[in-house]
Amino acid sequence: MGHQQPGKPSEKDLYRDTWVRYLGYANEVGEAFRALVPKALVWASYGVATAYVTADAADKGKKAANSSRESPDRTKQITVAVVDTFIWQALASVAIPGFTINRICAASLYLMGQVTRWPLPARKWATTAVGLSAIPIIITPIDRSVDWMLDSSLRKLYNKSH
């Protein structure tokens, strides 16, 4: 979630520099608690994260619109801002970390079942703790990987005309 558009000065960004950015981690928290809560709550956590992603993309589109009022390629600038932000956030904040925490928790629960004699409720709580503990560890590598992936692909397409 630390993505900053190239060439943009740093100003306080509601979606990246305040507590609001933590809404993007809602689905990772949901995945960490999957073993303990109804699946509907896990899916609701994806709803929160997706709302965050959509709001950030809309905000970046609005900022692009405001900063390119006189530009002949204003529509392109707005589209690129929205698409780039939405794809980056969808991958770096929702899809990849959600999958990663899901698999870490599934492996953790399975392994604890194989190597401990802990009762199932204890293994589920331990799995949740493992999942929550993994969140801060996975964020930066995923963010940098998504930066690299977009820099190596999609961003090359829309940066050609600049």
Side-chain angles (χ1 to χ4, degrees), residues 1-34 36-37 39-105 108 127-162:
M1 304 230 273
H3 169 70
Q4 184 174 347
Q5 290 184 350
K8 298 286 180 193
S10 353
E11 61 179 55
K12 191 163 187 173
D13 184 322
L14 172 68
Y15 295 94
R16 299 182 188 175
D17 301 326
T18 70
W19 66 268
V20 174
R21 82 180 286 218
Y22 294 108
L23 295 175
Y25 301 126
N27 65 302
E28 287 96 312
V29 174
E31 285 295 347
F33 277 93
R34 183 180 284 272
L36 295 171
V37 301
K39 283 189 177 65
L41 284 178
V42 177
W43 289 112
S45 73
Y46 276 87
V48 171
T50 301
Y52 164 83
V53 167
T54 303
D56 189 23
D59 177 66
K60 298 313 171 278
K62 183 179 175 186
K63 287 179 179 175
N66 290 338
S67 69
S68 63
R69 290 194 191 280
E70 307 299 321
S71 175
D73 62 344
R74 182 173 190 243
T75 301
K76 178 187 175 193
Q77 291 175 4
I78 295 167
T79 303
V80 165
V82 170
V83 169
D84 186 78
T85 301
F86 188 86
I87 291 174
W88 191 92
Q89 288 283 19
L91 290 170
S93 300
V94 181
I96 297 171
F99 175 80
T100 303
I101 296 300
N102 177 286
R103 294 297 79 206
I104 288 170
C105 289
S108 167
T127 292
T128 297
V130 167
L132 291 172
S133 299
I135 294 170
I137 296 168
I138 68 169
I139 290 169
T140 300
I142 290 173
D143 286 0
R144 298 296 70 85
S145 297
V146 172
D147 281 335
W148 177 84
M149 185 172 64
L150 290 182
D151 288 347
S152 302
S153 61
L154 188 63
R155 289 180 180 152
K156 286 183 176 186
L157 296 176
Y158 51 71
N159 284 330
K160 282 185 178 182
S161 63
H162 280 109

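Looking at every heavy atom in both residues, Pro97 comes nearest to Ala92 through CG-O, 3.2 Å. When all heavy atoms are compared, the tightest approach of Ile78 to Ala64 is CA-CB, 3.9 Å. Nearest heavy-atom pair across Gly131 and Ala32 is C-CB, 3.9 Å. Among all heavy-atom pairs drawn from Arg69 and Arg74, the shortest one is CA-NE, 3.6 Å. Nearest heavy-atom pair, Val82 versus Gly61, reported as atom, atom and distance to 0.1 Å: CG2-CA, 3.4 Å. In this structure, Ala26 and Val48 approach most closely via the heavy-atom pair CB-CG1, 3.7 Å.
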- Evaluate the salt bridge (Lys or Arg N to Asp or Glu O under 4.0 Å) criterion for residues Asp13 and Arg21: first the C-alpha distance (whole Å), next the side-chain angles of each, then the deciding distance (0.1 Å), finally the verdict. CA-CA 9 Å; Asp13 184 322; Arg21 82 180 286 218; over 6 Å; no
- Query: Are Phe33 and Val42 close enough, and set up right, to give a side-chain contact (heavy atoms from CB on, under 4.5 Å), and what steps lead you there?
  - Reply: CA-CA 8 Å; Phe33 277 93; Val42 177; 5.9 Å; no
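Leu157 contributes atom CG, which lies 10.5 Å from atom CG of Leu150 (distance to the nearest 0.5 angstrom). Distance check: Leu132 CG to Cys105 SG gives 7.5 Å after rounding to the nearest 0.5 Å. Of the inter-residue distances, the one linking Ser152 atom OG with Asp147 atom CG reads 10.0 Å to the nearest 0.5 angstrom. We find the OG-CD distance between Ser93 and Glu28 to be 7.0 Å, quoted to the nearest 0.5 Å. Separating the OG1 atom in Thr50 from the CG atom in Asn27 is a distance of 7.0 Å, to the nearest 0.5 Å. Residue Gln77 holds its CD atom at 15.5 Å from NZ of Lys63, rounded to the nearest 0.5 Å.
Using modelled atom types, one finds no donor on one side chain facing an acceptor on the other under 3.5 Å when comparing Thr85 with Gln89. For the 3.5 Å distance criterion, the side chains of Asp143 and Trp88 fail to qualify, holding no donor opposite an acceptor.
When atom types are taken as modelled, the side chain of Tyr52 and the backbone of Tyr22 share no donor-acceptor pair closer than 3.5 angstrom.
Counting only heavy atoms from C-beta outward, the side chains of Val20 and Asp56 never approach each other to under 4.5 Å. Taking the side chain as every heavy atom from C-beta outward, Leu14 and Asp59 never approach each other to under 4.5 Å. Inter-residue side-chain proximity for Phe99 and Glu31 is flagged as unmet; no heavy-atom pair is nearer than 4.5 Å.
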